[in-house]
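One structure below.
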Amino acid sequence: MDNPSVESFVTKSLELIEKERNAEIEENSSLQEQLPLKELQRRGVCLLKLRLSGSHTGLYGRTVVVFEPFWENQELPSHNFTPGDIAGLQLSQGACTLDDLLASGVVSYVKTNSIQVAFEETFDQLDIDNHTQYKLLRLANSVTYRRLKRSLEELQNSQGSDSRHLVSVLFGQTELGPPLSKARDGAEQDVILYNDHLDGSQQDAVKFALMQREVAIIHGPPGTGKTTTVTEIILQAVKQGNKLLVCAPSNIAVDNIVEKLSCYKTRMVRLGHPARVLPSIQKYSLDAILASSDETQLVEDVKKDIDRSLLQIKKSNDKGERQRLKTELRHLRKELRVREAKAIKNVLHKSDVVLCTLTMATTEGPLKYMDNHQFDITVIDECSQALEAACWIALQRSTRCILAGDHNQLPPTIISHEAAKEGLSFTLMERLLKLYGDKIMSMLTTQYRMHEDIMQWPSDQLYDGRLTAHESVAKHLLRDLDGVRDTDITSIPVLLIDTAGCDLHELCLLDELSKGNEGEADIVASHVQQLVECGLQPKDIAVIAPYNLQVELLRIRLSEKYPGLEIKSVDGFQGREKEAVIISLVRSNDKDEVGFLAEDRRINVAITRARRHLAVVCDSDTVSHHKFLKDMIEYMTEKGEIRSAEQYIQAGALDHNYRRPEYLDDRTGCQQTRAKSHRQPKPNTATKPPRKEPKPNNYHRPEKSSSISNNIDLNDKKKAMGSSDWTVDIIEKCITELMLNSEMENYTFPTSLNGNDRKTVHEISEKLGLEHVSVGIGAKRHIVISKSEKRSEAAEEHQQSSLPPSFVAKKAHKEALQKEKVAVQQQDYTQRNVAEDVGQHGLETRVCDKCSKVVPAANYELHVMRCPGSPTPLTRTKPKKTKRREKKPVDKTTEVEDFNSLIAEAVKQNTTCFYPKCKNNAATLGQNCQFCARRFCLQHYIAEAHGCGDAVRAHARATVSREGVLYRGSGVPDKKPDPTKRAHLERKLNKKLEELTQKRKHNQKNDS
């Protein structure tokens, strides 16, 4: 939009807003119709199995309803509901369709275990009880679009309003007026600052904004103190006798200004629901101020009458009585609105500064009690993150405006790509800078956040190199913090972890646009662990990823271990800062696609969140195909330290078995391969510039080889990488290296071998007469092979320490069977196979004295046992059953004794309590558990006592869900017991526990 007229701007904006609205509705409806409820809950747009836990009357007579999880003492799952969102209420059964909505309201408050929704006055007519299950569905916000449309229509009809001159200037139809160089009495303005710590550029910006007649823009790059400067401008404007309307696109941005202003004696009011306001500044909210006004008591009395009428309506069964109560309820709500309007009007007229979000500045809210000409100046913070149509909601209320922001950071979020391309994402700040340039702009140039090495690259790329780091932050590092040790990580401000050539490919879901990279997530988790081990607190670390799927993978690895660690997307972390920031760029593919990483402003936001340490994990081969990212890689290579992901792989960073989300298993389009064989180096092209040589002390990535050598180091390297790509050739070469190297006694294969690989190792080892032992259990199970017939002491000790005692006997029996199996299989090998093996592997051989066959020396004794020339050879011909019986006679007496002992042991177990260490007889005085089918004595037969408590609770929940009735003992009592009775029960319980403890100690002494 290049300098449009008011009419063309309004027409075009209405069209684009309608496209954005339709895109949001289509996205929500497609999700609701195509995905199951659990998937909607996973994506954060639906909350299932809720119950009504309370309700009360809120501002303007709205009914505020509190919802909690249906089962008590539970937390809400992760979701995207925030204060201000539109939520639809439905019964828990059925699909998420808009036709089944019971009501729709506005989310007013969100906690970990509850969510509050404000409904309109018709909500009280619904039949609601505490035993009904509900679900909340996040709906498209029609209120915002309605306000935007109304604002644009008012802009088109503003020819006769007081803001007409400002509108014509902002659209370039009227030239800028001269600066306000003098005060009203004709004297020169003398600005006495409230904040004495402002630097030169901030002081210049304050004076510049106060002197501009129509519009002033404060350009504040990251860390330059933009909010501090805007606060000083507000205070100076109030001092000059102006009334200000201060707005921002988000609640948190408005609250930041309120916090700054709270340090000074300023009459201000923060509009918006108190739940959307930070707790520290709630006393400045409209509701809090109204609570101390003269009209408050009357308003509270009316609210109590309304609540009393609602309760009577719910209890009454008389239709006539219910109708009378409803009529009385309407009169009470009308009286409530009149009294609240009077109180709100008094508060607004007494305030010098009114603060709210842009959409709250509409005439539908509290500002409808004020005339448009009552504000002298409109201040919009973070203007570069707001739609221009939203800015016009507030701009039409005054004759001057001051805009603050950074157009080189993220623009407003647009769902419709078509609308964004056609100009909906083009902000008011960008258009005015393109129209007037430096005439209306003052830039802040001193930043107080980043180390100079972190700051320099964004300064050169986006801010013409004008930024300078304040001396207090120019050289600060992590090691300067209290409790942080001086290490190679805490002493570098910029670190690049390059995954190029390591095959840590991205993964993507077939039905989602989001991307993930499990290899990068593992490396990030390892780097976070290193920082924490150096003494850095998790609360001082931020992990940022551009994709929501990657954020979820990172949270699986880190959230439980480090609760104070913040893991968010780039969009969710704008405006924040941390001492250390780790960024995962995710993209790694053979097509060299970077997706929306091509948005330079998104990368700028991510990098400028760091104060002392910035670590970027990326595939340089992929991201370097975008010029902006390529410049970043070259800068970090030159100024910082570069490490290969190979270091983290060899250190075991990818050996963790994290719980992978189930929905990834069957919906992954391009599965990521962790640490497979290295990619072949890409051929150099003329368009790809050579990479700069790193510093001498930096880590150099080793050259990758496409062929597999016979060197054992390659296999050690493959073992450290945890690769599952073990071919027969590689396994044979590992075993051959062991046999040819006289210094090696044994070789250990990694745990990454699958079942077929393990079978191959065993077969080859048997074939060559090597000892092969499976060591460990579960995920730690691996194979150790050795040249000697006697198992190595290290492998024996490892196995004995890793196996429980109950497995030792089974292991010995298994080894005996294994040796017998070897003896049988050895007969299959012909002289040709043995000669071929001997020639291939160069083994030591011996000649049989009986049959003159050449056999490996390691297998000589086994061959003698099978040799046809021996007196009792072992042959593969199946012997007759009579002969086998003669070779191995069976002692029937022993069999009978063993069988009788088994029967006796079974009878004893059936008549003894199954509880560990309990010797009580349960044959007569005992019961079987219905969940584990085991028999217990009367002391341990209760399910919770012997360990089936989870099964009992699950059975109770299933019964309640199936029958919809709460039986005695299946739910929580409605009220707590009497304190005196509770104390008596506690004493009785403690006495019983002491008796059981003494009895248990006595039994232990008897057993010993």
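As the structure is a computational prediction, the values presented were derived from the model and not from experiment.
The two residues Lys226 and Gly405 come nearest to each other via the heavy atoms CD-N, 3.6 Å. Taking all atoms of both residues into account, the shortest heavy-atom contact from Lys19 to Ala419 is CB-CB, 4.3 Å. Across Ile17 and Leu424, no two heavy atoms sit closer than the pair CG1-CD1, 4.3 Å. Contact detail for Leu170 and Arg431: the closest heavy-atom pair is O-NH1, 3.0 Å. Across all their heavy atoms, Leu495 and His527 have their closest contact at CD2-CE1, 3.4 Å.
Counting only heavy atoms from C-beta outward, the side chains of Glu641 and Val494 never approach each other to under 4.5 Å. Side-chain contact between Thr427 and Pro412: present, with at least one pair of heavy atoms (C-beta onward) separated by less than 4.5 Å.
Between the side chains of Asp498 and Ser644, no donor-acceptor pair is found at a separation under 3.5 Å. For the residue pair Ser8 / Ser5, a side-chain donor-acceptor distance below 3.5 Å is found, with atom types taken as modelled. Gln550 and Ser584 share a donor-acceptor pair across their side chains, judged by distance under 3.5 Å alone.
For Tyr463, the ring pair (Phe, Tyr, Trp, His ring centres under 6.0 Å) test picks out His219, with sequence neighbours left out.
Atom CD of Glu26 has 12 or fewer heavy atoms from other residues, nucleotides or ligands within 6.0 Å.
For the salt bridge (Lys or Arg N to Asp or Glu O under 4.0 Å) criterion with Arg612, the lone passing option out of Glu452, Glu577, Glu579 is Glu579.
Between His613 and His476, the distance from one ring center to the other does not fall under 6.0 angstrom.
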